[in-house]
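My structure is below; once you've seen it, I'll send some questions.
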Amino acid sequence: MKLLARNLARSTTEQEIQALFSTYGSVTACDLVLDQLTGQSKGFAFVEMPDDQEAKAAIAGLHETRVAKSKIRVKIAQ
């Protein structure tokens, strides 16, 4: 299942996001979206988790939690 994590702090790294989601199960991919000109985070990322139950647990556990002073939002990517 592909998830979208939004409202991430600009300082949050791809490794931190992967570690955060890994607490709920296996993560096959984590792509932090970067601005092409500046190379800085745009504040959102896509995370792929192969097990739907683990992905749903990650949504339930992480949606609207505080990570690096930002309240993140997690949902299924469209």
Side-chain angles (χ1 to χ4, degrees):
M1 182 179 288
K2 192 170 190 174
L3 305 177
L4 171 64
R6 297 176 45 207
N7 203 39
L8 298 168
R10 302 288 190 239
S11 61
T12 305
T13 66
E14 204 167 88
Q15 292 79 15
E16 291 171 327
I17 298 164
Q18 184 158 358
L20 189 65
F21 280 83
S22 291
T23 61
Y24 293 92
S26 75
V27 174
T28 54
C30 179
D31 298 308
L32 180 63
V33 179
L34 302 176
D35 184 282
Q36 288 183 342
L37 295 176
T38 64
Q40 293 184 340
S41 168
K42 284 193 168 187
F44 66 97
F46 293 99
V47 179
E48 289 185 44
M49 299 181 77
D51 185 293
D52 286 357
Q53 294 304 317
E54 292 174 351
K56 288 176 183 174
I59 292 170
L62 294 173
H63 183 67
E64 295 194 345
T65 59
R66 291 214 174 267
V67 177
K69 298 182 183 175
S70 292
K71 187 186 271 190
I72 67 169
R73 287 174 287 190
V74 181
K75 66 178 190 173
I76 298 171
Q78 298 296 320

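In this text the structure is predicted, and so the values were computed from the model without any measurement. Below, each value reflects all heavy atoms present in this structure, side chains not excepted, and no hydrogens, waters or symmetry copies.
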Please examine the side chains of Ile72 and Leu20, heavy atoms only from C-beta on, and report whether any two atoms are closer than 4.5 Å. yes
List in chain and number order the residues that pass side chain to side chain contact (heavy atoms under 4.5 Å, CB included) with Asp52, two or more places apart in sequence or in another chain; answer none if no residue qualifies. Met1
d(Asn7 CG, Arg66 CZ) to nearest 0.5 Å is 9.0 Å
Set of residues satisfying side chain to side chain contact (heavy atoms under 4.5 Å, CB included) with respect to Ala9, sequence neighbours excluded: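 For Ala9, the residues satisfying side chain to side chain contact (heavy atoms under 4.5 Å, CB included) (neighbours in sequence not counted) are Ser11, Thr12, Ala68, Ser70.
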Please round to the nearest 0.5 Å and tell me the distance separating atom CD1 of Ile76 and atom CG of Leu3. 7.0 Å
Which distance, rounded to the nearest 0.5 Å, do you find between the CD of Glu54 and the OG of Ser22? 10.0 Å
Members sharing Leu37's hydrophobic cluster (side chains within less than 4.5 Å): none
Which residues share a side chain to side chain contact (heavy atoms under 4.5 Å, CB included) with Leu32, sequence neighbours left out: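 Once residues adjacent in sequence are excluded, the partners of Leu32 under the side chain to side chain contact (heavy atoms under 4.5 Å, CB included) criterion are Leu8, Glu14, Ile17, Leu34, Ser41, Ala45.
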Partner set under side chain to side chain contact (heavy atoms under 4.5 Å, CB included) for Thr23, not counting sequence neighbours: none
Nearest 0.5 Å, what's the CG-CZ distance between Asp35 and Arg10?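 The CG atom of Asp35 sits 9.5 Å away from the CZ atom of Arg10.
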Nearest 0.5 Å please: distance from the CZ atom of Arg6 over to the NE2 atom of His63. 9.5 Å
NZ on Lys56 to CE on Met49, rounded to 0.5 Å: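 Answer for the CE-NZ pair, Met49 versus Lys56, is 12.5 Å.
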